[in-house]
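First comes the structure, then the notes that go with it.
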2 protein chains.
Amino acid sequence: MQTYDRILVQAAALFAQQGYEAVSMRDIAQASGIKAPSLYNHFSDKQSLYRATVQSVFTQHNEQLIDVLRSSHKPLDKLKKVIYLSAVKMAEDKIFRQLILRELLQNDPEKLQFLAEKVMADTCEHFARILRELNPSADHHFTITSLMGMLLFHFQIDIMRDFLPDAQAKHHRTDYLSEQIFLLVSQRLLNQ
Amino acid sequence: MQTYDRILVQAAALFAQQGYEAVSMRDIAQASGIKAPSLYNHFSDKQSLYRATVQSVFTQHNEQLIDVLRSSHKPLDKLKKVIYLSAVKMAEDKIFRQLILRELLQNDPEKLQFLAEKVMADTCEHFARILRELNPSADHHFTITSLMGMLLFHFQIDIMRDFLPDAQAKHHRTDYLSEQIFLLVSQRLLNQ
DNA sequence: GTCTATAGGCGGATAGAC
DNA sequence: GTCTATCCGCCTATAGAC
């Protein structure tokens, strides 16, 4: 792998784990196997490196998710499948999950607009198309944002689940959680 | 207000907005109307100040929420009411919301255990009691974590909602969101 | 309890050799 | 493209006067 890509990969892991301020250029350099000044041959400053990192993680994540929707089952099966695959991605891709949560904590409206329009809106549209097939008149914006909230939260709290009341082994299983989320969403959708 | 409390209030706002690493002792001192070294007469170091801040915000939040459940309506009304009041608190208390999200991004198991057992578990138990009245055999752990995920996410994304597909004015209203969350949760609960 | 002064370290970033 | 050396500012924290 080229130096440039190695930097992006290592920076993504560090920024996701520790946050922008807590990660130094020296940390990223060391993880990438170079010295800090060499980073400046690839990125003009720390902010640029961060932006490139975030964009790269989000772009990759979206590309992988879009592949899912090629198949054409019945709408309800499609919804179930896309929830399951989103859940798998959320469970696996801790870097994406933590980076998006960190970006959500940003207060800069520009960054939030970028996050919404360039990262989340595509995925939302995919969901929306399926939901409209199932019920043309329901409140899909609410359903989709609820879905994203649950997908993010359920997998983010995985490591602290057992400290919460009534946690069981099944609550650590991606298939169980995605099934329950599907049932929650689809029942409301069809009864609305 | 005494210096000590003024520091906690100002530190809470700064830590919630910018995160631990991004806030300097000078920032907190200036916001509190003193110089940085004076902070060390109240807290032994930055970490202690942060811990005290988080604990203070979470304790206050929980106390305010517990008051809600004194009234004894029918279980379904109680659920509706407690969801509404949690939603109002989430919408209003940006400092609590952002601090809890930042703590969720921590990877230190000790801090997560503290967050789960000392901050979230109480609230979970309140929810659980109501849910058990409505359906003794349902999966309440899943329902409650779903609820918390939705409550956090829906109000955290408020400022970027309009950049997402199909957003409408009603999606900025706390009463509408809490009603929809209630319907989502209660339908699943009663059909389970 | 608060201040000024300051220690000592680490941060981002640049200059210039190779 | 990568390095060593270095600048300079900000950071946490302490010493000691008032």
Side-chain angles (χ1 to χ4, degrees), chain A residues 1-58 95 98-99 101-103 105-108 110-111 114, chain B residues 1-57 95 98-99 102-103 105-108 110-111 114:
Chain A
M1 209 195 300
Q2 293 303 303
T3 305
Y4 181 88
D5 297 304
R6 219 170 49 241
I7 295 170
L8 284 186
V9 169
Q10 298 296 328
L14 288 167
F15 283 135
Q17 184 106 18
Q18 307 178 44
Y20 180 79
E21 311 281 349
V23 175
S24 73
M25 294 298 270
R26 286 169 174 82
D27 294 335
I28 299 168
Q30 191 176 18
S32 311
I34 55 175
K35 301 292 177 182
S38 307
L39 291 172
Y40 292 87
N41 286 309
H42 302 276
F43 305 92
S44 61
D45 55 20
K46 191 183 178 183
Q47 270 294 339
S48 306
L49 200 172
Y50 180 73
R51 271 194 290 269
T53 301
V54 170
Q55 193 135 20
S56 134
V57 169
F58 287 169
I95 289 173
Q98 302 230 117
L99 273 183
L101 281 169
R102 290 192 190 281
E103 286 295 300
L105 280 163
Q106 277 282 352
N107 294 294
D108 180 351
E110 262 186 54
K111 292 195 179 179
F114 172 83
Chain B
M1 209 193 304
Q2 292 304 303
T3 305
Y4 182 89
D5 298 305
R6 218 169 50 240
I7 295 170
L8 284 186
V9 169
Q10 298 297 329
L14 287 166
F15 282 135
Q17 184 107 16
Q18 306 177 44
Y20 179 78
E21 310 281 349
V23 175
S24 75
M25 295 298 269
R26 285 175 174 82
D27 295 334
I28 299 167
Q30 191 176 16
S32 311
I34 57 175
K35 301 291 177 181
S38 306
L39 291 172
Y40 292 87
N41 287 308
H42 302 277
F43 305 92
S44 61
D45 55 20
K46 190 183 177 183
Q47 270 294 338
S48 307
L49 200 172
Y50 180 72
R51 271 193 291 267
T53 302
V54 169
Q55 194 135 20
S56 136
V57 169
I95 289 172
Q98 302 229 116
L99 272 185
R102 290 192 190 281
E103 286 294 301
L105 280 163
Q106 277 284 352
N107 294 293
D108 181 351
E110 263 186 54
K111 292 195 179 177
F114 172 82

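In what follows, chains are A, B, ... by sequence order, proteins preceding strands, each numbered from 1. Worth knowing before you read on, the calculation uses all heavy atoms, side chains too, and leaves out hydrogens, waters and symmetry mates.
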Between B/Asp27 (side chain only) and B/Leu14 (backbone N and O only), is there a donor and an acceptor less than 3.5 Å apart? no

A/Lys35 NZ to C/dA13 C1', in whole Å, measures 17 Å

Between A/Glu21 and B/Ala22, is there a donor-acceptor pair closer than 3.5 Å when you use the side chain of the first and the backbone of the second? no

Please confirm whether B/Lys46 makes a cation-pi placement over B/Tyr20, using NZ or CZ under 6.0 Å from the six-membered ring centre and within 45° of the ring normal. yes

Tell me the interatomic distance from B/His42, atom NE2, to C/dG1, atom P, rounded to whole angstroms. 6 Å

Spacing of CD1 belonging to B/Ile7 relative to OG belonging to B/Ser32, to within rounding of 0.5 Å: 5.0 Å

Counting only side-chain N and O atoms of A/Ser38, is one of them less than 4.0 Å from OP1 or OP2 of D/dC3? yes

Can you check whether A/Phe43 and A/Tyr50 have ring centres sitting under 6.0 Å from each other? no

Rounded to the nearest angstrom, tell me the gap between atom CD in B/Gln18 and atom P in D/dC10. 16 Å

With sequence neighbours excluded, residues passing side chain to side chain contact (heavy atoms under 4.5 Å, CB included) with A/Ala11: A/Phe15, A/Ile28, A/Leu49, A/Thr53

In B/S/- notation, 5' to 3', how is nucleotides 11-18 of chain D contacted by protein heavy atoms closer than 4.0 Å? BBBB----

Could you state the CD-P distance from B/Gln30 to C/dC3, rounded to the nearest angstrom? 12 Å

May I have the distance from A/Leu39 (atom CG) to D/dG1 (atom P), rounded to whole angstrom? 13 Å

